Amino acid sequence: KIESAYFNIIEDSNITQNQYLDLIKQNAIPKLKALKLSYKSGHFLASFIGKTLGLLKQKSPIRLPYLRLCANQYFYSTEKARKELGWKPQSDVVETIKEVLTEYVDKRKPKRNLPILKGKVQIDSTNTLKVGIVGCGMFADTHLGIIKKIKNAEVVAICDLNQTAAEETATKFGIRGKYSDINEMLEKEKLDVVHIVTSGQSHLALALAAIKKKVNVLVEKPFALNADQAKQIFQAAEKNKVKVCVDHNHLFDEVMIRTRELLAQGAVGKVCYVESWYATSYSSNSGNRYLSYDAKDHWVYQLPGSLYQNMISHPISLLTDVIGKTKNIQPVAKYMHIVPHMKNDELRVLVEGEDAIGEVHLSFSVTPRYHFLNIYGTKGTLKVDFLNKYIYHEKAIPMIPKVIVRNIQLFSQAFAAMGAVFKNLFRIVTGKYSLFEGNERLIQLFYRSILHGEPTPVTKEETIHSMEIMDEIWQKVDGMPAQKSGVAKTNGIANGKVTRPKARRTVKK
C-alpha cells in the first residue's frame, strides 16, 4: 500500500501588510500613501457603496470577502515540509519582493531616459565645444539663438556660398570666422561640431567633408536624399569615430517627453493604432514662399519626395517612436490644387508596426494647421497637441452611465485645453515660450553625447529607418520615382562638390 502526502507550500515569512507597503514605497512608488481604516469603518463603507451601486445595477469594486482578507494577517507554516521533505525556500521573501518591484519599475521607464531636470538638459562638463554653422538661411538663426544660450558651446565660424550672407550673419551674432567654402573653414578652424543647415541636396557632401576632418555633425532634416546616402554618412562617421545626428526636434518637445512617460506607465494599455498628423494650411496662406511661381525652381521641389520630403520626417519620426519598426507601407496621394508645383498635395501613409497599426498624414491643403499625435490603446487614448503644447488623456470611467461619461470627458478636455491656454500665456509673458523647445533639447543632448561619450539623441537606426520609409513612399506615389543611390546631380551638389545653386543667391534652409 502506497501512502500519498500532499504539501501546498507558500512563503511562510511573517511579513506584515505595513512592511509590504513600505517595500513598495521604498522600491517602486515613493509617493505612495496608505490610508488606514478600522474594519468597522471599512465594512460600513463597502456595504454603503455596494447597495448604492446595486440600485444602478452596477457591481461594487469593494467586495466584503476581500475586505475580510485585508482585515486579517494570515500565516501558514511550512514546518512539516521542512521536517519530512527537507525542503528549504530558495530565496528570501523580502529580496524576492524587491526583485519584482525592480522589474516593475524598469518596465515603466520611458523609451528615452533623458537627463532632463525641470525641462532642461543637464550637462556636467566644464569643456566648451567649438561650433561651425554651414548655411545662413532662417533656420541658421534658430540654431545660433539656441547655441548662444548653451554654456558648453561657442560658435566660432559660419559658412555660406554667399559671402555677404555669411558676413551679415556673423555680424548679427558676433561670430569671428566667416567663410564661403566649408573646406577652408575646416582647415583653418579647430571645430568640434558642425551644424549643416542648407538645402537637402548638399547634406551628403557637406557631412562627409566635416566627418573626414574628425568633426561631429548635426544635420537638419531632410537628413539626406535617400537611405543609401544616409548609410554613407554613418559609415564615414563610424570610420572616423565621430558622432552624427539628425534634427528630429519634435521627439524632444515637452509634450512628447511626457507622452513617453505616460505610455511607459501604461496609460493607454496596449497601443493599437497611432495617428501622426502634420498640416501646413497652405490653402489659407496663399502668400507662402513655396506657392509662388518662382518657387518652382526651389530646392525643395528637386528632392525625390518634392516638398513632402522637407516636412515628412516630423510625423514619421513621431510615429515610429511609438510603434517601432514599420512594414507594409501603403501610401495614398491626391491633388487638391493648392500647391502648383506638385502632382499631388495630400498624402496619407498606412503602415504596420511591430505590434500596432499607424498612419502618417501630411497635408498642404487642410485648414487650420494641425500637428498632433493620437495614440489609441486598450485602456485609453492620448491626444498630443504639438502646436498648443498639451496632452489630453481620455479613458473609460466604469460604473457610470455612458451618457454621463461622455459629458465628463468633454468637460475634462475643455479643462485641459484651458490649462494649456493659461500655461502658454504665462510663458509668453515671462519670455519662456519657445516654438523651438525640441530643437534646444536635441542640440543640448547632442552636445552632451559628445562631452559625456553617450549615444546620440536620435540613433543611426532610427535615422536610416525614417529614410527607408520615405524611399518606399516615393516609389509608390505616382509622379515621384525614387532617386537612384549615390550622389545625385541636383541643385546645390554636382559630382560631390558644393556649387552655387541656380536662381538663388544663398544656400537657405
Side-chain angles (χ1 to χ4, degrees), residues 115 120-163 165-198 202-220 223 233-234 236-247 249 252 436 439-458 498 506-507 509:
K120 296 186 178 297
V121 176
Q122 303 301 297
I123 302 178
D124 305 317
S125 175
T126 57
N127 295 329
T128 300
L129 298 172
K130 302 296 183 182
V131 182
I133 304 290
V134 183
C136 292
M138 66 181 198
F139 276 96
D141 283 12
T142 300
H143 283 244
L144 288 164
I146 291 170
I147 300 168
K148 192 174 181 180
K149 297 187 291 184
I150 301 175
K151 66 178 183 178
N152 299 90
E154 178 189 4
V155 179
V156 298
I158 192 154
C159 176
D160 194 282
L161 292 174
N162 188 311
Q163 185 66 39
E167 289 175 356
E168 289 175 354
T169 303
T171 301
K172 179 179 178 181
F173 288 93
I175 301 168
R176 171 179 48 78
K178 304 173 283 288
Y179 300 90
S180 60
D181 183 88
I182 187 175
N183 294 308
E184 183 184 359
M185 181 180 75
L186 293 167
E187 282 292 336
K188 293 184 178 180
E189 304 286 350
K190 293 182 179 180
L191 300 176
D192 299 299
V193 185
V194 161
H195 290 225
I196 297 176
V197 197
T198 60
S202 65
H203 289 179
L204 175 64
L206 294 173
L208 292 179
I211 290 168
K212 287 175 183 177
K213 290 294 183 179
K214 312 290 185 183
V215 179
N216 302 287
V217 181
L218 179 69
V219 186
E220 258 295 348
F223 183 74
I233 292 172
F234 281 109
E238 290 170 0
K239 180 180 178 181
N240 289 276
K241 298 181 180 180
V242 296
K243 294 181 182 292
V244 173
C245 185
V246 64
D247 190 14
N249 55 296
F252 304 96
F436 303 103
N439 289 81
E440 187 170 343
R441 290 193 186 93
L442 186 147
I443 290 172
Q444 290 176 327
L445 287 166
F446 182 54
Y447 289 176
R448 179 187 165 102
S449 75
I450 296 168
L451 293 167
H452 291 258
E454 297 173 345
T456 55
V458 184
V498 183
T506 61
V507 179
K509 178 68 180 169

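Since the structure is predicted, the reported quantities are computational estimates derived from the model, not experimental observations. The residues of the chain are indexed from 1 along the displayed sequence.
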- Note on the structure: Sorted by chain and residue number, the salt bridge (charged side-chain N to carboxylate O under 4.0 Å, His left out) partners of K212 (sequence neighbours excluded) come out as none

- Note on the structure: One should read off an interatomic distance between H452 NE2 and L445 CG, to the nearest 0.5 angstrom, of 10.5 Å

- Query: Short question: side chain of S202, backbone of T198 - any donor-acceptor pair under 3.5 Å?
  - Reply: no

- Decide side chain to side chain contact (heavy atoms under 4.5 Å, CB included) for K243 and S449; before the verdict, give the C-alpha distance in whole Å, the side-chain angles of both, and the deciding distance to 0.1 Å. CA-CA 8 Å; K243 294 181 182 292; S449 75; 3.6 Å; yes

- Query: Can you find a side-chain donor-acceptor pair between D192 and N216 that sits under 3.5 Å?
  - Reply: no

- Atom NZ in K148, atom CD1 in I175: separation rounded to 0.5 Å? 9.5 Å

- Query: Closest heavy-atom contact between A207 and V217?
  - Reply: O-CG2, 4.2 Å

- Message: Check whether N249 reaches the backbone of L442 with its side chain - one donor and one acceptor, N or O, closer than 3.5 Å.
- Response: no

- Is E440 salt-bridged to K149, going by a charged N under 4.0 Å from an acidic O? yes

- 4.5 Å side-chain heavy-atom contact, R448 and E454: yes

- Is there a side-chain contact between K120 and R441 (heavy atoms, below 4.5 Å)? no

- Query: For C136 and C159, which heavy atoms make the closest approach, and how far apart are they?
  - Reply: SG-O, 4.3 Å

- What's the spacing between Y447 OH and L129 CG if we round to 0.5 Å? 7.0 Å

- Message: With a 4.5 Å cut-off on side-chain heavy atoms, are L161 and S180 touching?
- Response: no

- Would you check if the side chain of N240 reaches a backbone N or O of V242 as a donor-acceptor pair within less than 3.5 Å? no

- Query: Is the F234 ring parallel, tilted or perpendicular to the F223 ring (thresholds 30°, 60°)?
  - Reply: parallel

- Does any N or O in the side chain of K190 come within less than 3.5 Å of the main-chain N or O of K130, such that one atom is a donor and the other an acceptor? no

- Message: Is any side-chain heavy atom of L218 closer than 4.5 Å to one of I443?
- Response: yes

- Message: If the threshold is 4.0 Å, N to carboxylate O, is there a salt bridge linking E184 and K188?
- Response: yes

- Item | Stepwise side chain to side chain contact (heavy atoms under 4.5 Å, CB included) check, V244 with I211 | CA-CA 9 Å; V244 173; I211 290 168; 3.8 Å; yes

- What residue pairs, at least two apart or across chains, pass ring pair (Phe, Tyr, Trp, His ring centres under 6.0 Å) with a residue in residues 142-163? H143-H195

- Are F446 and V121 side-chain neighbours, meaning at least one heavy-atom pair lies under 4.5 Å? no

- Ion pair check, D160 and K178, cut-off under 4.0 Å: no

- Query: Looking at CD1 of I147 and CD of E154, how far apart are the two atoms once the value is rounded to the nearest 0.5 Å?
  - Reply: 11.0 Å

- Message: Would D141 and F173 count as a side chain to side chain contact (heavy atoms under 4.5 Å, CB included) here? Give the steps.
- Response: CA-CA 9 Å; D141 283 12; F173 288 93; 3.6 Å; yes

- OG1 (T169) and CD1 (I158) are apart, to the nearest 0.5 Å, by 4.5 Å

- Between the CD1 atom in I133 and the CG atom in L144, the distance rounded to the nearest 0.5 Å is 5.0 Å

- Message: Holding to side chain to side chain contact (heavy atoms under 4.5 Å, CB included), I want the full list of residues that pass it with E189, two or more places apart in sequence or in another chain.
- Response: V156, A157, R176, Y179, M185, L191

- Run the side chain to side chain contact (heavy atoms under 4.5 Å, CB included) check on N127 and L451 step by step: do they pass? CA-CA 8 Å; N127 295 329; L451 293 167; 3.8 Å; yes

- Item | Heavy-atom donor-acceptor pair, H203 side chain to V219 backbone, under 3.5 Å | no

- Task: Looking only at non-hydrogen atoms, find the nearest pair between I123 and Q444 and report the distance.
- Result: CD1-O, 3.7 Å

- Item | V193 side chain reached by I450 side chain, heavy atoms, under 4.5 Å | yes

